[in-house]
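Atoms within a ligand are numbered from 1 in the order they appear, just like the ligands themselves. The chain is numbered in sequence order, starting from 1.
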Amino acid sequence: MLLILQLRFVRGDQYAIALALLDEGQLVLGVLACPNLPFTSISGGNPNAFNGEVGCLFFSEVGQGTYMQSLNGSSPLKVQVTAVENPEEASFFESYEAAHYMRYLTSLISEKLGIKAPPVRIDSQVKYGALSRGDGEIYLRFPRKGYREKIWDHAAGCIVVTEAGGLVTDAAGIPLDFSKGKYLDVDAGIIVTNQKLMPLLLKAVRESLNEKASSL
Ligand SMILES: Nc1ncnc2c1ncn2[C@@H]1O[C@H](COP(=O)(O)O)[C@@H](OP(=O)(O)O)[C@H]1O
Ligand SMILES: [Mg+2]
């Protein structure tokens, strides 16, 4: 059994304290505390320009769904990813930090999907929490060449989203494998969305990666 703890502070914006439990390489439990995330949906707004209550705790156990409560201790509410099927109605999350990903690639993918909303840029695994409760439909993560993803940056977020009905895969549609040590061996990047949108997202990702390869 392996316990993963991630503690991440950022520039006063969004950050998460993430805890996951692996049993023989399988995710069984995840807890994601997001002290600066508004308790109500950030859909269509800026999470850092919000006056209401902030502080959310997401927790999931395999097969049991995902729940969210306020960090002040409200009763837990079951959360679900959205049921949006039309990519034109979708919005997507990506890193706040431009150095963490290939922005031209995420904008190409969103263009191919016909997404109209601008990207929602948030630090850390808060993106997984926000997606799990339906604040947006898609999370795109395409680090620059040579970067290797670590399990502690994705384990809690992955179970929080999957238990809320979403899918977390690499760019080829393969679910993340947490059984191989500290690194995730992913093909090109990580994509997250609901079950309805995943086939269209995978197609847009494949086409975008092919265009990128042929332009080199
Ligand atoms: N060049 C890079 N590309 C992608 N991810 C990176 C990166 N450098 C660091 N990271 C990881 O991405 C995490 C933040 O994710 P995000 O980009 O979604 O905010 C960082 O967490 P820490 O800053 O806690 O180490 C770090 O582990
Ligand atoms: Mg880190």
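Counting only distance, with no hydrogens or angles, the side chain of Lys127 and the backbone of Ile122 share a donor-acceptor pair below 3.5 Å. Counting only distance, with no hydrogens or angles, the side chain of Asp187 and the backbone of Ala171 share no donor-acceptor pair below 3.5 Å. With Ser91 contributing its side chain and Gly136 its backbone, the two residues share no donor-acceptor pair below 3.5 Å.
Of the candidates Asp153, Val126, Asp123, it is Asp153 that places a heavy atom closest to atom 13 (C) of ligand 1. Of the listed options His100, Arg121, Gln125, His100 places a heavy atom closest to atom 3 (N) of ligand 1. Evaluated by nearest non-hydrogen atom to atom 12 (O) of ligand 1, the leading choice among Gln14, Arg144, Glu97, Arg141 is Arg141. If you check each of Tyr128, Phe93, Tyr147 against atom 7 (C) of ligand 1, the one with the closest non-hydrogen atom is Tyr147.
Shown in contact with Tyr139 at under 4.0 Å from a heavy atom are these atoms of ligand 1, numbered in order with element: 18 (O). Below 4.0 Å from some heavy atom of Ser95 lie the following atoms of ligand 1, by number and element: 16 (P), 17 (O), 18 (O).
Between Ser110 atom OG and Leu105 atom CG the span is 10.5 Å, to the nearest 0.5 Å. Annotation: the span from Ile174 atom CD1 to Ile190 atom CD1 amounts to 13.0 Å, rounded to 0.5 Å.
For Glu149, no nitrogen or oxygen atom sits less than 3.5 Å from a nitrogen or oxygen atom of ligand 1, counting backbone and side chain alike. Polar contact check, Ser124 against ligand 1: a nitrogen or oxygen pair lies under 3.5 Å apart. The shortest N or O to N or O distance between Lys127 and ligand 1 is under 3.5 Å.
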Query raised in the report: Stepwise, does the side-chain hydrogen bond (donor to acceptor under 3.5 Å, both in side chains) test hold for Tyr101 with Glu94?
Result: CA-CA 8 Å; Tyr101 67 107; Glu94 60 188 6; 3.0 Å; yes
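Grouping the Ile, Leu, Val, Met, Phe, Trp and Tyr side chains by contacts below 4.5 angstrom, directly or via other members, places Ile151 with Val192.
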